[in-house]
Amino acid sequence: MGDGDSSGIDRTGIDPDAVPHHVGLILDGNGRWANARGLPRTAGHAAGEAALFDVVEGAIELGIRWLSAYTFSTENWARAAEEVEFLMWFNEDLLVRRRDEFDDMGVRMRFAGDLDDPRVPERNRTIMRQAEEKTAGNDTLDLVFAFNYGSRWEITAATRHIAVAVAAGELEADAIDVAVVTANLYIPGMPDVDLVIRSSGEHRLSNFLLWQSAYAELWFPGILWPDFDRHHLADAIRHYQQRDRRFGGTAPTDEP
Ligand code: IPE
Ligand code: IPE
Ligand code: MG
């Protein structure tokens, strides 16, 4: 299990000048991890906390600047009421217990998602706001919790904001471009995602950072999230650095 193995990362094969600036993490497989042990699904979520903490430490060690972790999707409300209730409580409790540690590590805590949704408990909203304010001056790592997050709603909400600005005469429709849309997403200054890692072996994005990941490299390790740690992160970086990112152009070695 990713239980905070704090030994240094083996950097063999990793170019420190080419680590991804922004890594997106779809932490998946908690339920399967628990099922395999005859435990309730919620025990898998609890076990996933140590993995997340270890990966945050590993990201800092590797020089990653932004890390976005998918902790609750707009579709996860479809789960059994007791699992949803646990996840709401757990996300709040984790912030209460960990925010000082994150702060000491220089982590800026940020939140992306529909926090106006009345299904999100007030306690969660309050602790998220406090964590954001407390850590606003930190600049070692921006850690985004994608909570009650879904890309389709994020882009839909941005569209509404822009429509309101146009209707109010503050913006010309012709002036709407990629930068305007980006500026109306949950975190306007969030850089594009360079690498998306989804644990558990599923090969899909499940409505995670679709706009921001337009040119991300994708990595799908077949490891259940509670078993993931900083060494798996380093492994993902090694694979990322072997990719040929073209952004629609051609490889530098290609003949014209
Ligand atoms: C990911 O693990 C955590 C959340 C979605 C909150 P899952 O709970 O989806 O675990 P599996 O995919 O069922 O194994
Ligand atoms: C995506 O995982 C959401 C989070 C990790 C929070 P899911 O387990 O909910 O996604 P699907 O249902 O397998 O696509
Ligand atoms: Mg899942």
Side-chain angles (χ1 to χ4, degrees), residues 1-6 9 23-62 64 66-102 105 107 109-113 120-121 124 127-128 131 141 143-150 195-209 219-236:
M1 149 177 166
D3 57 358
D5 172 6
S6 56
I9 290 172
V23 173
L25 277 178
I26 304 177
L27 7 125
D28 194 25
N30 295 347
R32 277 163 280 176
W33 184 92
N35 283 341
R37 287 162 178 75
L39 299 169
R41 293 177 54 81
T42 50
H45 300 313
E49 177 181 339
L52 179 61
F53 201 77
D54 196 57
V55 166
V56 170
E57 288 183 324
I60 292 172
E61 209 178 317
L62 286 161
I64 292 165
W66 281 73
L67 191 65
S68 292
Y70 207 5
T71 56
F72 191 87
S73 78
T74 47
E75 286 71 38
N76 285 149
W77 297 104
R79 298 188 177 198
E82 61 179 37
E83 183 172 349
V84 169
E85 209 175 301
F86 177 88
L87 286 167
M88 290 298 132
W89 169 80
F90 185 63
N91 273 283
E92 178 211 343
D93 188 57
L94 183 148
L95 295 180
V96 172
R97 288 183 290 100
R98 296 286 198 173
R99 73 183 151 175
D100 289 349
E101 278 170 278
F102 283 136
M105 288 155 68
V107 170
M109 298 168 77
R110 318 184 69 145
F111 300 88
V120 173
N124 291 65
I127 185 74
M128 286 188 270
L141 174 81
L143 174 62
V144 180
F145 292 83
F147 178 76
N148 198 23
Y149 178 85
L195 170 66
V196 173
I197 303 171
R198 181 178 188 142
S199 60
S200 91
E202 306 298 347
H203 293 67
R204 57 177 171 264
L205 296 173
S206 302
N207 207 7
F208 180 61
L209 299 178
W219 180 240
F220 300 108
I223 300 160
L224 302 175
W225 178 253
D227 293 325
F228 200 91
D229 64 23
R230 68 182 76 192
H231 305 292
H232 298 111
L233 175 67
D235 200 37

SB check Arg32 Glu202 (cutoff 4.0 Å):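 Salt bridge present between Arg32 and Glu202.
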What's the spacing between [X] [atom1] and [Y] [atom2] if we round to 0.5 Å?
{"X": "Ile197", "Y": "Phe228", "atom1": "CD1", "atom2": "CZ", "value": "4.5 Å"}
{"X": "Leu25", "Y": "Leu233", "atom1": "CG", "atom2": "CG", "value": "7.0 Å"}
{"X": "Glu57", "Y": "Glu61", "atom1": "CD", "atom2": "CD", "value": "8.0 Å"}
{"X": "Leu143", "Y": "Phe102", "atom1": "CG", "atom2": "CZ", "value": "5.5 Å"}
{"X": "Leu195", "Y": "Leu67", "atom1": "CG", "atom2": "CG", "value": "10.0 Å"}
{"X": "Arg198", "Y": "Trp219", "atom1": "CZ", "atom2": "CH2", "value": "15.5 Å"}

Distance-minimising heavy-atom pair for [X] and [Y]:
{"X": "Trp66", "Y": "Ile64", "answer": "O-CG2, 3.3 Å"}
{"X": "Leu27", "Y": "Ala69", "answer": "CD2-CB, 3.9 Å"}
{"X": "Ala146", "Y": "Phe208", "answer": "CB-CE1, 4.0 Å"}
{"X": "Arg204", "Y": "Phe220", "answer": "N-CE2, 3.9 Å"}
{"X": "Gly44", "Y": "Pro226", "answer": "O-CG, 3.7 Å"}
{"X": "Leu141", "Y": "Ala59", "answer": "CD1-CB, 4.4 Å"}

Counterpart residues, ring pair (Phe, Tyr, Trp, His ring centres under 6.0 Å), relative to Phe90 (two or more places apart): Phe86
Are [X] and [Y] close enough that some pair of their side-chain heavy atoms sits under 4.5 Å apart?
{"X": "Phe145", "Y": "Leu95", "result": "yes"}
{"X": "Ile127", "Y": "Asp93", "result": "no"}
{"X": "Arg79", "Y": "Asn76", "result": "yes"}
{"X": "Asp229", "Y": "Val55", "result": "no"}
{"X": "Leu87", "Y": "Trp77", "result": "no"}

Under 3.5 Å, is there a donor-acceptor pair between the side chain of [X] and the main chain of [Y]?
{"X": "Ser199", "Y": "Leu224", "value": "no"}
{"X": "Asn30", "Y": "Trp225", "value": "no"}
{"X": "Asp54", "Y": "Arg230", "value": "yes"}
{"X": "Tyr70", "Y": "Leu209", "value": "no"}

Stepwise ring-ring contact (aromatic ring centres under 6.0 Å, His included) test for Phe147 and Phe111: CA-CA 7 Å; Phe147 178 76; Phe111 300 88; 7.9 Å; no
Residue pair His232, Asp235: steps toward the side-chain hydrogen bond (donor to acceptor under 3.5 Å, both in side chains) verdict: CA-CA 5 Å; His232 298 111; Asp235 200 37; over 6 Å; no
Lys NZ or Arg CZ of Arg98 over Phe53 ring: under 6.0 Å, within 45°: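 Yes, Arg98 sits over the ring of Phe53.
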Within 45° cone and under 6.0 Å: Arg37 NZ/CZ vs Trp33 ring: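 Satisfied, under 6.0 Å and within 45°.
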Short side-chain donor-acceptor distance under 3.5 Å, Arg110 and Ser68: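 Ser68 vs Arg110: no donor-acceptor pair found between side chains.
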More than 12 heavy atoms of other groups within 6.0 Å of Glu75 CD: yes
